[in-house]
Amino acid sequence: MSDEEEQFNPKAHKKLLQGISSLGKAQHIRKTTRNEPIRQQDEFQLVKPGDELATRYPVGLHDIVKVLQTTKKHVEAGKQLKVVQSSKKVLDKPLEIPQANRLKRGLGYDKTKKNLGRWDAVVSQNRNAETQVFPLRSETIYVDTSLYRKPLERSLKSELAIELEAEQARLKAAKRELAGDTENVEELAKREAELLKKKLTRDELFARRKELAYLKMRESQKSLKARKQNKIKSKKYHKLLKKQKMQEQIKQFEILQKTNPEAALEKLNELEKNRVLERASLRHKNTGTWAKNLQIRAKYDKDVRKDLSEQLQISRQLTQKKIDSDDDTDDDNATKASHISTEKELNESDPFNPWTRLESIQKDGGTNEVEGENWRKYWLDRNENEKMLDEYKKLLVEEDMSDDEQKKIKETTENDEKLLNEVDSRKKATKQKVKKANKMSKKVVKANNRTAVVEEEIKSSGAGEWLVEETNICNSENISNDTNIDDIFDKQEDKIKQKVTKKMRELSKKAKLLKKTQLKDTKQKKRLKKDELKNLKDLSFKKELKRPIIDEELGIEEKSKSNVEINMDNFKKALDSQALQTEPPTIEIKPSTIIDPNKLTDVKLKQHINNFIGLNESIGAADDDVDVSGDEDNDKVYLDQQMTISQAFEDDDIIADFTRDKAKDSEVKDAEIDLFMPGWGSWAGAGISAERQAAIKNKRLVLKLAKKEKRRDDNKGGLYINETASKQLRSHLVSEVPFPFTSVADYEGSIRATIGRNCVPETAFRMLTRPAIITHKGQVIEPMDQSEITKPQRRLRHVVDRRIARMNENRPAKIVKTKKKY
Amino acid sequence: MLEDENLDKKPPRRGAKSAPSRYFHSPVPEEEVKPIKLKGVSQQNFSGEIIKVEQDKQIGFKKTFYRKGAPKKHIKTETNSKIPKNLLKKYDKGEKVRSKGVKTKFFKEKQERKEVYLQYATEQAARTEILLTEQQGFIEPDEEEITAQYRQVEIAKNVDILSASKHFKLNLDFGPYSLRYTKNGRHLLLGGRRGHVAAFDWITKKLLCEMNVMEEVADVSWLHVHTMFACAQKDWVYIYDSQGTELHCVKRLYRVNCMEFLPYHFLLATGNKDGYASWLDVSIGELVSNFNTKLGDIRLMHQNPGNGVLCIGGSKGVVSMWSPKVREPLAKMLCHSTPMSALTVDPKGQYMVTAGQDRKVKVWDIRALKGPLVSYGLRLPANQVVVSQRGTLAYSQGTYCEIQSNLLLGEKAETPYLRQMCDSFVHGMRFCPYEDILGIATAKGFQSLLVPGSGEPNFDALEDNPYQTKSQRREHEVHALLEKIPPELITLDPNEISAVDVPTLQEKVDAKRSLFHLKPPKIDFKSRHKMKGRGGSAKASRNKQIVKDLKRKEFIADIKKSKQSIFKQNSKKASDFIPLDSSVPSVLDRFKPKSTKKK
């Protein structure tokens with residue numbers, strides 16, 4: 001064996017091992033290096049791809065370098081190549097054609113969009129313009145060209161003409177000199193033309209180059225972006241991307257909803273389908289927020305654990321491959337049996353194992369029971385509620401009873417409070433006790449019992465319930481995880497502390513902000529004070545609908561009075577100026593008393609008294625009027641007659657009649673429907689009145705068809721207004737609020753003013769009925785061109801136009817034509 | 001060449017004729033030398049040509065820069081003419097439309113522009129006030145005198161001759177008279193109870209016609225022009241022209257008591273002894289409406305010139321307002337607790353003045369249907385009440401007339417503005433439009449009184465022109481006919497046409513009630529014609545039945561649904577119902593047992 005050991009050559013052995021290991025991998029058929037284009041694929045050329053790099057770049061630059069370095073002649077070149085390889089970047093492979101095209105299109109779209117966007121202002125202005133005049137106005141400028149004018153070219157020129165021309169040219173030159181033009185005309189023109197050309201072309205060239213460069217830059221940027229975007233692997237990024245896309249889609253959907261409901265429905269379906277597919281893919285079986293929350297709670301909650309395991313179970317079931325049962329019936333029979341036994345064991349040991357859960361659930365079949373429980377629970381709850389209500393009612397009654405009892409109740413409440421305190425302390429105690437393990441369990445139970453008693457006593461107070469729950473949880477938790485409870489409490493405390501600190505910080509921040517804003521406010525207030533004062537002055541009631549034609553306010557008296565007064569004043573002044581004599585004695589005028597119907601006779605006397613003595617005389621003296629004094633007796637007789645007539649007619653029933661009629665007319669007919677069976681409740685017999693029956697009738701079975709509305713004449717005793725307009729008038733009215741208006745009041749406001757010639761002054765009428773487009777006869781209307789963008793606005797002549805322009809200026813500049821130069 | 005010659009010409013020397021031979025001969029003081037102002041380049045005698053620059057070439061226009069805060073020029077021009085606020089308020093067209101109430105941006109802007117136009121219209125209207133140059137008349141009493149003591153003679157003495165000539169008296173023998181002025185106040189129509197009818201230009205006293213219709217005349221009324229008038233005679237209403245020729249006899253207007261002509265509607269409104277109110281369209285000769293008001297004998301009737309509604313006063317102290325197309329009164333106002341004796345509405349349609357047997361004259365706001373604004377206590381009940389254009393109130397008690405210069409202020413006055421004793425019982429009073437004249441028709445004749453300040457001094461010649469020529473009258477007639485307002489537009493609110501038709505409460509109730517009595521509509525199903533062998537008559541009838549059933553079921557379901565909604569609105573929760581879980585969420589809810597999950 002030693003010989004053999006000596007013979008052992010590690011190198012050879014290694015080689016051998018390598019050879020053995022590479023036995024399977026070895027590729028005996030090499031890939032052809034050179035080939036002719038042939039139709040048929042030679043099977044020997046189908047080679048397994050080996051190293052990726054090698055396959056992609058079968059001949060690398062380093063190979064050439066290697067070759068080059070072998071000959072002395074080319075060593076330099078090889079070095080250079082190496083340097084090039086390390087320093088210069090290899091150009092990226094161009095993007096695929098559709099992608100590149102897409103990019104190009106996108107760029108082109110952006111550009112044209114920008115170009116067209118320059119017209120936005122013009123378009124919107126023209127759309128909104130009140131009047132437009134076509135053809136569009138061109139700028140006219142006045143140029144004095146007489147100095148530069150050449151004489152007409154003639155075929156024949158006499159000497160005289162030539163002489164004259166020369167003279168004229170000389171004169172012109174002289175004149176030009178006088179005017180300050182010293183340069184030669186032609187030269188000037190030429191130079192200008194050249195300059196213009198040059199400048200233009202140069203500028204244009206620059207612009208074009210710039211633009212091209214920009215475009216290229218953009219394209220390269222975009223392609224880079226596209227390439228990079230495809231490579232991103234970050235899950236978060238994709239998540240965000242997806243979210244963004246979703247949001248976009250939702251946005252689109254919302255827009256569609258408004259514009260095209262059918263398309264929106266389709267979109268909705270699509271979205272829903274996508275969502276369903278996503279959900280069905282079972283990617284989210286335990287990664288959703290719901291599942292995560294459950295996982296956290298699963299530690300402490302039995303039900304939750306059940307739910308989770310179920311969920312997992314379902315996912316397993318759905319993802320399991322279906323195995324044909326025929327294949328492994330015999331083989332697995334034995335194993336099955338063993339399985340069942342183990343399962344049972346497992347069930348006993350761990351009921352929450354997701355793999356074993358399903359079976360047990362199937363076994364349970366306890367859904368019916370659960371339902372029954374639900375019912376029972378419902379009724380128990382209901383009964384409890386009723387009990388509570390009764391108690392509450394009793395309490396109410398007791399309150400009414402007497403003060404002593406109130407005191408008692410106070411005492412009981414105090415007791416309640418005490419009990420509550422006790423419970424709190426006990427809770428603390430339980431915290432401590434639970435640490436100490438099983439011994440204390442009995443005590444805890446006792447405490448629970450006590451708390452249950454307490455709970456019964458203070459059912460009405462809301463605090464009782466949660467206390468009970470807390471203890472119950474303690475009870476149900478098999479005390480095995482008692483340390484956990486402590487942890488929970490600690491955690492909760494920590495959390496609360498954190499929250500409190502957070503809130504404090506926020507509050508302090510807010511306070512700072514508030515201070516700042518207050519300072520600002522004070523400043524602003526100072527500024528605004530003037531305006532507020534103005535507003536105060538204008539604090540008047542809103543104007544109501546006005547009549548366009550006759551909209552005078554009541555109380556012409558003031559106006560006419562003032563008019564008269566002015567006249568009087570003028571007159572008086574004139575009189576005063578005529579004779580500055582003693583002032584007239586002031587006449588004491590007694591204020592007229594309120595007319596009392598009982599003192600009507602006095603009033604009559606007063607009227608007589610008021611007749612001046614002089615006046616009576618003058619009446620008597622008047623020649624064209626009949627004497628009054630002779631008629632006085634007649635008057636008296638007449639008065640008496642009238643009195644008796646009026647007394648005869650006067651009766652209070654006039655008012656009563658009116659109110660009765662009003663009530664009758666303004667009553668809404670058939671406002672209720674009786675839903676009783678016909679005849680039901682309308683009994684007959686002695687001692688039964690119809691009114692009482694109506695009162696007794698259950699109100700629930702009388703259907704009121706509409707609520708009572710306020711009438712115009714509701715609180716006006718002496719007035720009845722018929723609120724049903726005539727049918728003929730209604731046929732003239734608009735019954736629906738037309739499109740741009742949202743409410744009746746707004747629409748009515750929009751047609752509140754008449755614009756006819758009879759109602760407004762002629763100037764206003766013409767403005768109101770101005771045509772939207774004014775064209776000139778016989779003139780060609782050319783389409784708009786580029787210059788329209790930079791043109792300044794027309795100078796507006798009319799006040800209304802100017803006001804509208806100013807109104808637009810005050811608004812955001814979107815609509816207003818911008819004077820930017822592009 | 002011509003232009004070139006022009007160039008060569010030298011400008012003419014200034015003041016060549018009086019030029020001194022040497023400049024130092026007559027030295028001119030410096031102050032007298034006027035600085036010569038050269039005109040701008042564009043204004044100098046221009047001898048070039050005008051070039052119209054093409055559109056696409058840019059012109060270097062000079063841009064004027066404004067500083068941001070600097071006031072602009074055009075603002076100055078607007079503030080030049082300030083209009084007083086009260087005038088603007090007078091012509092205001094009402095509240096602007098809220099920009100919130102208009103939907104799209106485009107329409108919002110349009111509406112705002114419209115508001116600018118309307119604002120301009122109101123301003124222009126307010127500016128026209130300058131054109132109302134004429135002033136109202138008045139009486140200036142001497143010291144220790146009051147206006148009430150002046151007699152008509154005295155007034156006539158103190159006014160100009162033309163006005164003095166307007167004060168006159170006619171002694172007529174044919175019983176109590178009724179009178180009417182035309183709308184422009186130029187012509188007067190008198191109708192005596194005993195058949196005497198006379199129409200004349202009362203200013204020039206030129207008689208148009210005079211006749212005796214040989215029947216009792218209850219009332220007279222001008223139609224839209226002074227060439228036609230209506231006369232309510234014993235049985236029927238007759239229409240005469242200005243020559244006195246009988247044009248029509250309207251027999252459907254029977255035993256008419258009083259008449260009113262609505263000039264903008266071309267309606268002759270009448271009230272008769274049986275309580276029938278009728279409206280006759282005089283432009284087409286058709287009776288627009290005729291129904292019983294159930295008020296009994298209509299004696300007091302006056303139109304409201306503001307809206308064309310007919311106000312009828314009754315023996316129950318109630319004024320009811322009527323429109324031809326509505327058979328119930330539009331409104332009823334309890335004005336007096338006694339029978340009424342007189343009723344009138346002021347020419348602008350703002351006030352209504354009523355008088356009752358309770359010896360009171362009350363002024364009401366007829367637009368808001370409110371009042372009384374003012375109540376006069378008289379010693380006798382007023383028989384006649386009239387209001388002038390300027391708000392002068394006149395009332396008569398038997399033979400005695402009193403005039404208050406202002407119907408609202410009159411109550412406070414110790415004495416009336418003017419008073420007048422007539423020779424006999426006053427049967428009719430009217431103020432003459434656009435004149436300071438009160439016409440009084442009595443049992444013995446007619447009187448024209450001067451009441452300074454009663455008439456409107458400024459007239460709108462396109463509306464009412466007292467100095468109308470024949471052609472103007474004709475044109476006006478045509479215009480009026482073209483602008484005739486249809487009778488159904490007579491409503492309490494004349495602007496109701498610009499309102500939206502909103503269903504009334506009664507309609508809502510009726511619509512809901514009708515749901516309970518609806519029957520499924522009959523369906524006329526016509527099956528498509530099918531070729532022979534494709535569908536037999538049995539199949540067709542079955543299909544028909546199926547369709548009918550479907551439709552019926554659909555209808556029933558619809559009705560049921562709407563009924564349910566009504567029930568739902570009406571239903572209230574029973575008092576004995578205890579909700580299982582309180583709807584008000586509590587902080588402690590989180591400790592409640594979690595709801596069992598659905599399995």
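Lettering of chains follows the sequences in order, A, B, ..., and the numbering in each one begins at 1.
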Legend entry - Interface residue of largest heavy-atom contact number with chain B, from A/Gly718, A/Ala764, A/Gly717, A/Ala745, under 4.5 Å: A/Gly718
Inset, instruction - Evaluate side-chain contact (heavy atoms from CB on, under 4.5 Å) for B/Arg98 paired with A/Ser743, printing each intermediate quantity in order. - result: CA-CA 10 Å; B/Arg98 306 168 302 139; A/Ser743 70; 3.8 Å; yes
Legend entry - Residues, nucleotides or ligands: over 12 heavy atoms within 6.0 Å of B/Lys96 NZ: no
Legend entry - Option in B/Arg590, B/Gln506, B/Met333 with maximal non-hydrogen atom pairs under 4.5 Å from chain A: B/Gln506
Legend entry - Stepwise side-chain contact (heavy atoms from CB on, under 4.5 Å) check, A/Asp665 with B/Lys332: CA-CA 11 Å; A/Asp665 287 336; B/Lys332 285 194 281 188; 3.5 Å; yes
Inset, instruction - Look up atom CZ in A/Phe658 and atom OG in B/Ser337, then write down how far apart they are to the nearest 0.5 Å. - result: 13.0 Å
Inset, instruction - For the residue pair B/Val102 and A/Thr742, establish whether any side-chain heavy-atom pair is separated by less than 4.5 Å. - result: no
Inset, instruction - Select one option (side chain, backbone, both, neither) describing which atoms of B/Lys100 are under 4.5 Å from chain A's heavy atoms. - result: backbone
Legend entry - Point-to-point distance, once rounded to the nearest 0.5 Å, from CZ of A/Phe765 to CD of B/Gln124: 14.5 Å
Legend entry - Residue pair A/Arg752 / B/Glu95, side-chain heavy-atom distance below 4.5 Å: no
Legend entry - Largest heavy-atom contact set with chain B, pairs under 4.5 Å, which of A/Glu736, A/Arg127, A/Lys727, A/His732: A/His732
Inset, instruction - Supply the atom-to-atom distance B/Leu489 CG to A/Leu733 CG, rounded to the nearest 0.5 angstrom. - result: 8.5 Å
Inset, instruction - Among the options B/Gly317, B/Pro329, B/Gly101, pick out the one with the most heavy-atom pairs lying under 4.5 Å from chain A. - result: B/Gly101
Inset, instruction - Mind listing the closest non-hydrogen atom pair of A/Pro761 and B/Ala121 along with its distance? - result: CD-O, 4.0 Å
Inset, instruction - With rounding to the nearest 0.5 Å, note down the distance linking OG in B/Ser315 to CD1 in A/Ile654. - result: 7.5 Å
Legend entry - Any B/Lys325 side-chain heavy atom under 4.5 Å of A/Leu729 side chain: no
Legend entry - Contact origin within B/Thr491 toward chain A - heavy atom pairs under 4.5 Å: side chain
Inset, instruction - Under 4.5 Å heavy-atom distance to chain B, tell me which part of A/Glu762 shows up: side chain, backbone, both or neither. - result: neither
Inset, instruction - Go through the atoms of A/Met807 and report whether side chain, backbone, both or neither lie under 4.5 Å from a heavy atom of chain B. - result: side chain
Legend entry - Minimum side-chain heavy-atom gap B/Leu505-A/Glu723 below 4.5 Å: no
Legend entry - Option in A/Ile755, A/Asn722, A/Asp713 with maximal non-hydrogen atom pairs under 4.5 Å from chain B: A/Asn722
Legend entry - Side chain to side chain, B/Arg127 and A/Thr763, heavy atoms closer than 4.5 Å: no
Legend entry - Region of A/Asp661 that comes under 4.5 Å of a non-hydrogen atom in chain B: side chain
Inset, instruction - Say whether B/Glu483 and A/Asn758, considering side chains only, have a donor N or O and an acceptor N or O under 3.5 Å apart. - result: yes
Legend entry - Portion of B/Tyr120 that has a non-hydrogen atom of chain A nearer than 4.5 angstrom: both
Legend entry - Gap separating the CD1 atom of A/Ile804 from the CD atom of B/Glu112, nearest 0.5 angstrom: 10.5 Å
Legend entry - Minimal non-hydrogen separation, B/Gln111 against A/Ser750, with atom names: OE1-CB, 3.9 Å
Inset, instruction - Using non-hydrogen atoms and a 4.5 Å limit, figure out which bit of B/Glu496 sits close to chain A: side chain, backbone, both or neither. - result: both
Inset, instruction - State whether the side chain of B/Arg513 and the backbone N or O of A/Leu705 hold a donor-acceptor pair below 3.5 Å, judged by distance alone. - result: no
Legend entry - Structural part of A/Phe741 lying under 4.5 Å from a heavy atom of chain B: both
Legend entry - Interatomic distance, A/Ile721 atom CD1 to B/Leu492 atom CG [nearest 0.5 angstrom]: 7.0 Å
Inset, instruction - Using a 4.5 Å cut-off on heavy atoms from C-beta on, say whether the side chain of B/Lys103 contacts that of A/Phe739. - result: yes
Legend entry - Side chains of A/Pro740 and B/Lys110 in contact at under 4.5 Å (non-hydrogen atoms): no
Legend entry - Heavy-atom proximity to chain A below 4.5 Å, by part of B/Val500: both
Legend entry - B/Lys508 portion near chain A, given a 4.5 angstrom heavy-atom threshold: side chain
Legend entry - Heavy-atom pair count under 4.5 Å with chain B, highest-scoring of A/Ile751, A/Thr724, A/Asp670: A/Asp670
Legend entry - Largest heavy-atom contact set with chain B, pairs under 4.5 Å, which of A/Val734, A/Val760, A/Asp303, A/Val737: A/Val734
Inset, instruction - Side-chain contact test, heavy atoms from C-beta onward, threshold under 4.5 Å: evaluate it for A/Glu709 versus B/Thr504 and give yes or no. - result: no
